[in-house]
Amino acid sequence: MKNSVSGRTAWLISAGGAALAAALLRRWQLASAFEPDSGLAIPGAQASVILTCVVVMAGAWFILLALRQTPDPARRWDMVFLGTGDPVFPGLEAAAALLALLAVPVLFVVGVGQFQLYQAALDAGVQPPSNNGMLTLATAAGSLLAALGLLQMGRDGLRPGRRGKGGFSAALPGVAGCVWLMESFRAHAANPVRWDYAPQLIAIVAGMAFYMDFAGMSAGSPRPRRLLWLAGMSAILSAASLVSTLAELSLLAGGPDGALCTAELGDALLLLSQTLAAAGVLWRLPPSLDRPARPNSPRPAGEQSIQEETTDE
């Protein structure tokens with residue numbers, strides 16, 4: 001582990017700094033880039049332009065960081081995230097699983113309430129609301145699958161051994177993100193202000209791609225440099241989206257109802273879960289890319305010891 005800290009420092013500092021900048025700029029945008037009366041976006045608002053530039057520049061910088069590192073062709077990429085004695089990666093994945101699990105009862109209560117309201121309108125013979133709660137309930141079920149997948153990823157990170165179920169586990173949050181994306185789009189489809197909901201949709205799409213590339217590491221299709229890029233961008237976009245989600249949540253909490261279980265709270269928990277999962281990859285993967293290529297061993301790859309494949313140099 002002595003040489004592993006320097007390998008991940010650039011990624012952690014860059015992603016953390018860009019995520020903080022994106023969050024602060026998003027907060028500035030919410031305060032200054034929309035008309036007070038109509039709520040419509042102000043064309044060419046300074047906060048919107050700078051936020052876009054920061055995201056684009058961060059993406060370009062992550063490409064340069066990834067190009068500096070050459071993946072070892074002899075590396076067993078399906079073993080990278082298995083137990084190596086480092087508790088940080090499994091700890092981050094377990095925390096991400098906990099946040100996704102906390103979102104399940106919140107979204108379930110919201111979905112049941114929406115369904116009951118829809119049924120009451122049908123029974124009363126009045127025009128029912130456009131949302132019957134089914135997508136919200138499906139998002140709650142997806143959050144449970146995501147929690148189980150993240151928990152398995154953290155468990156694989158604790159135990160040394162042969163290739164685990166990392167590919168299947170990482171695919172579960174990605175599949176759950178598909179349902180979350182549909183629900184998020186449905187909830188904001190009537191909003192004419194694209195800047196209001198576009199960051200959240202983009203953050204969900206980035207998270208889906210991140211989880212699918214993570215699954216590819218254990219499914220015979222490793223793209224470690226792209227996985228790092230997606231992890232960094234997921235952290236940045238999730239931070240920007242989290243600011244607006246928390247702003248909506250604070251408005252609802254301060255309203256006359258003051259409800260605690262809202263769709264916005266579920267979104268915030270899932271965004272935090274996605275951010276922690278990405279942080280775990282940014283912690284664990286760069287040291288593996290920093291390793292120089294080893295000469296070909298006369299032994300078949302399948303006979304190499306697990307200790308050689310899972311211990312940082």
Side-chain angles (χ1 to χ4, degrees), residues 19 22-23 26-27 29-31 34 39 41 95-122 126-148 150 173 176-208 234-235 237-277:
R26 178 62 172 162
R27 184 177 179 85
Q29 183 190 42
L30 293 175
F34 300 96
L98 177 61
L99 289 171
L101 188 62
L102 290 175
V104 175
V106 173
L107 293 172
F108 181 78
V109 170
V110 173
V112 169
Q114 292 171 345
F115 179 76
Q116 291 175 343
L117 185 62
Y118 183 85
Q119 289 297 318
L122 289 179
V126 298
Q127 180 66 31
S130 59
N131 182 21
N132 60 5
M134 289 295 102
L135 268 180
T136 306
L137 291 174
T139 306
S143 300
L144 178 59
L145 291 178
L148 294 176
L150 289 166
C178 296
V179 184
W180 182 24
L181 179 64
M182 290 188 289
E183 166 57 20
S184 181
F185 180 78
R186 183 213 58 77
H188 298 91
N191 188 349
V193 185
R194 289 176 297 175
W195 266 109
D196 257 7
Y197 64 89
Q200 179 166 323
L201 297 183
I202 297 173
I204 296 173
V205 171
M208 290 166 53
S234 295
L237 294 170
S238 297
S241 178
L242 184 61
V243 169
S244 52
T245 303
L246 292 177
E248 295 175 6
L249 185 60
S250 63
L251 289 176
L252 292 174
D257 296 335
L260 293 178
C261 288
T262 62
E264 287 74 17
L265 178 58
D267 288 339
L269 291 171
L270 290 176
L271 286 169
L272 283 171
S273 173
Q274 183 171 284
T275 303
L276 290 181

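Note that the structure is predicted; figures quoted are calculated from it, not measured.
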Is the shortest heavy-atom distance from the side chain of S273 to the side chain of L150 under 4.5 Å? yes

Which pair of heavy atoms, one from W180 and one from Q200, lies closest together, and at what distance? NE1-NE2, 4.2 Å

Of all the heavy-atom pairs spanning C178 and M208, show the shortest one and how long it is. SG-CE, 3.4 Å

Distance-only criterion, 3.5 Å: show the donor-acceptor pairs between side-chain atoms of residues 97-116 and protein atoms not counting sequence neighbours.
| residue | atom | partner | partner atom | Å |
| --- | --- | --- | --- | --- |
| Q114 | OE1 | N131 | ND2 | 2.9 |
| Q114 | OE1 | T136 | OG1 | 2.8 |

Provide the closest heavy-atom pair for A19 versus A235 in the form atom of the first, atom of the second, distance. CB-O, 4.0 Å

A120: partners by side-chain contact (heavy atoms from CB on, under 4.5 Å), with sequence neighbours left out: none

With heavy-atom distances below 4.5 Å as the criterion, would you say the side chains of L270 and S143 are in contact? yes

Can you name the side-chain contact (heavy atoms from CB on, under 4.5 Å) partners of A240, sequence neighbours left out? A22, R26

Qualifying residues under side-chain hydrogen bond (donor to acceptor under 3.5 Å, both in side chains), relative to S241, sequence neighbours excluded: none

Could you pull out all residues at least two apart from L201 that satisfy side-chain contact (heavy atoms from CB on, under 4.5 Å)? L181, S184, F185, Y197

Indicate the atoms forming the closest heavy-atom contact of Q274 with S238, along with that distance. NE2-OG, 2.8 Å

side-chain contact (heavy atoms from CB on, under 4.5 Å) partners of A268, counting only residues at least two apart: L242, T245, L246

Nearest atoms (heavy-atom pairs only) where E183 meets L135: OE1-CB, 3.2 Å

